[in-house]
Amino acid sequence: MSGNSELAVETLELGRRYGRVTALEGVNLRVTKGSYFVLLGPSGGGKTTLLRLIGGLVRPSAGRVRLHGRDVTDLPANERPTTMVFQSYALFPHMSVARNVGFGLALRRVAKREVRERVDRMLDLVGLTGYQERMPHELSGGQQQRVQLARSLVLDRDVLLLDEPLAALDEKLRKEMCFELKRIQEQVGITFIHVTHNQEEAMTVADRIAIIASGRLIEEGSSREIYEHPARRFTAEFIGETKIFEGTVEAADGARARVDIGIGVIEVGNRDANVRVRDAVSISIRSELLELLAPDETASAAMQSVPATYEKTIYLGLTSSHRVRLPDGAEVGVRRFSGARGTARIEPGAQVRLAWHMEDARLHTS
Ligand SMILES: Nc1ncnc2c1ncn2[C@@H]1O[C@H](COP(=O)(O)OP(=O)(O)OP(=O)(O)O)[C@@H](O)[C@H]1O
Ligand SMILES: [Mg+2]
């Protein structure tokens, strides 16, 4: 049985149970060769399980795994073209950087001189030239992470599996390492599959992102697609700050739907969701795409709005969150750059309208 050889990884209805716990179910994943692919999702969603199934560290309860078109479901980890980078640094504490990086090659009985050359090349790639003789405890967290990366890359496998590789780093270092990982992946050209629950990390490195939650692949797309056009309500809520309205469809055609959301009736595009009258739906709008209007301000025909009461503004540095209360009691944040000019002062308790352009709202059936 052979599959599409343009794909580095393909899973077919992949599933894993632990006793009565379903860790993963019905996952059909397709990862293009040479891409930087991210598995993003909340804790306990099944990301590590999926990564381990791909690497052969865990056996599936259902489904198949193909690597470069070849079915490897029954192959052990060491016979697969994959290598894993773990969350904890997991360096050998009593070995120098060079010996740590060369360890896998030494096990394979690669000649000493070749080991040294390949180790040097890898340390150069990860920006650690000259660190050969350092011991792990003499390195910072970010440097240890680089050594681990070099140790995996030196094995020259086709697919690198990274499980929360930056989780132990502080925010600033994590950002730097994101750019480094991306650069290294582009340089070596092999496929990276990177697990994280941090959305900024995901967006920084990824060519494509798959959202994994409750043991399922929720949806998959580029960073921009996932952020701007989330197909599923779960994605809209998980990524970014989002207002969700729930309601019932009153009228619908192929282009638009009118939805009763309790505090009003609003119109929303219906091309993607294709809902029908009486369907229960949700509508998501990014907080930075919401606007506040004065109650008597005339908005363009493409604007939708609901009444609201202004409460306060929370200063967050780059942005501020203008908080309003809706008639149903829900609190909503409207994001604006803190430095934005011309932001009118609104008094707490003032009546306003919470508004948005119709094309910025997404309609979801689930
Ligand atoms: N060896 C195991 N035995 C029993 N249950 C397990 C085992 N490994 C994972 N699970 C369960 O499977 C589910 C998915 O776990 P998994 O580790 O894949 O999640 P994750 O998305 O990697 O989470 P995190 O972000 O916290 O690392 C969880 O409910 C977990 O408790
Ligand atoms: Mg995990």
Side-chain angles (χ1 to χ4, degrees), residues 9-31 36-65 67 72-74 76-78 80 82-91 141 144-145 148-149 151-152 159-171 173-175 177-178 181 191-206 208-221 223 226-227 230 232-240:
V9 179
E10 185 175 16
T11 72
L12 301 136
E13 292 298 320
L14 195 62
R16 170 71 205 201
R17 283 191 317 272
Y18 290 102
R20 262 186 275 154
V21 177
T22 302
L24 211 66
E25 195 176 13
V27 169
N28 295 301
L29 186 76
R30 295 161 70 86
V31 178
Y36 201 130
F37 199 95
V38 170
L39 306 177
L40 174 66
S43 183
K47 306 179 296 296
T48 296
T49 303
L50 178 52
L51 205 68
R52 287 171 169 257
L53 284 166
I54 294 168
L57 300 166
V58 168
R59 287 304 173 91
S61 329
R64 311 300 297 176
V65 177
L67 299 176
V72 297
T73 316
D74 300 318
N78 61 2
R80 298 189 185 194
T82 51
T83 179
M84 192 114 170
V85 177
F86 294 96
Q87 173 169 343
S88 56
Y89 307 129
L91 296 176
Q144 291 182 44
Q145 200 65 58
Q148 234 225 115
L149 197 60
R151 189 172 67 173
S152 301
V159 182
L160 189 65
L161 306 171
L162 306 110
D163 193 0
E164 304 268 7
L166 310 178
L169 306 182
D170 69 46
E171 199 53 31
L173 202 50
R174 176 197 283 258
K175 278 185 186 154
M177 278 302 290
C178 279
L181 278 175
T191 310
F192 277 30
I193 304 182
H194 175 142
V195 162
T196 181
H197 54 257
N198 183 302
Q199 53 172 285
E200 194 177 324
E201 181 178 319
M203 299 234 171
T204 308
V205 296
R208 295 189 79 77
I209 296 175
I211 306 290
I212 309 284
S214 309
R216 299 214 166 246
L217 197 172
I218 306 288
E219 68 180 291
E220 188 262 353
S223 299
I226 293 278
Y227 190 83
R232 303 282 300 275
R233 169 184 173 158
F234 179 87
T235 311
E237 278 188 296
F238 183 68
I239 298 193

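Just so you know, ligand 1 is whichever comes first in the structure, and atom 1 is the first atom listed for that ligand. Throughout, numbering of the chain's residues begins at 1 and tracks the sequence. As the structure is a computational prediction, the values presented were derived from the model and not from experiment.
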Report yes if some N/O of G45 lies less than 3.5 Å from some N/O of ligand 1; otherwise report no.
yes
Quick check: does T48 put an N/O/S atom under 2.8 Å from the Mg ion (ligand 2)?
yes
Salt-bridged, E200 to K175, with N to O below 4.0 Å?
yes
If I take atom CG from residue L39 and atom CD from residue E220, how far apart are they, to the nearest 0.5 angstrom?
10.0 Å
Under 3.5 Å between any N/O of A23 and any N/O of ligand 1: does that happen in this structure?
no
L40 side, atom CG; I211 side, atom CD1 - distance, nearest 0.5 Å:
4.5 Å
Can you check which of A213, P42, G44 brings a heavy atom nearest to atom 23 (O) of ligand 1?
G44
Donor-acceptor pair, side chain of R232 and main chain of E219, under 3.5 angstrom:
no
So which of R20, R16, K47 gets nearest to atom 20 (P) of ligand 1, if we judge by its closest heavy atom?
K47
Suppose I only count heavy atoms of T49 and a 4.0 Å limit; which atoms of ligand 1 are within that range?
14 (C), 15 (O), 16 (P), 18 (O)
May I ask you to check whether over 12 heavy atoms, not counting those of R17, lie within 6.0 Å of atom CZ?
no
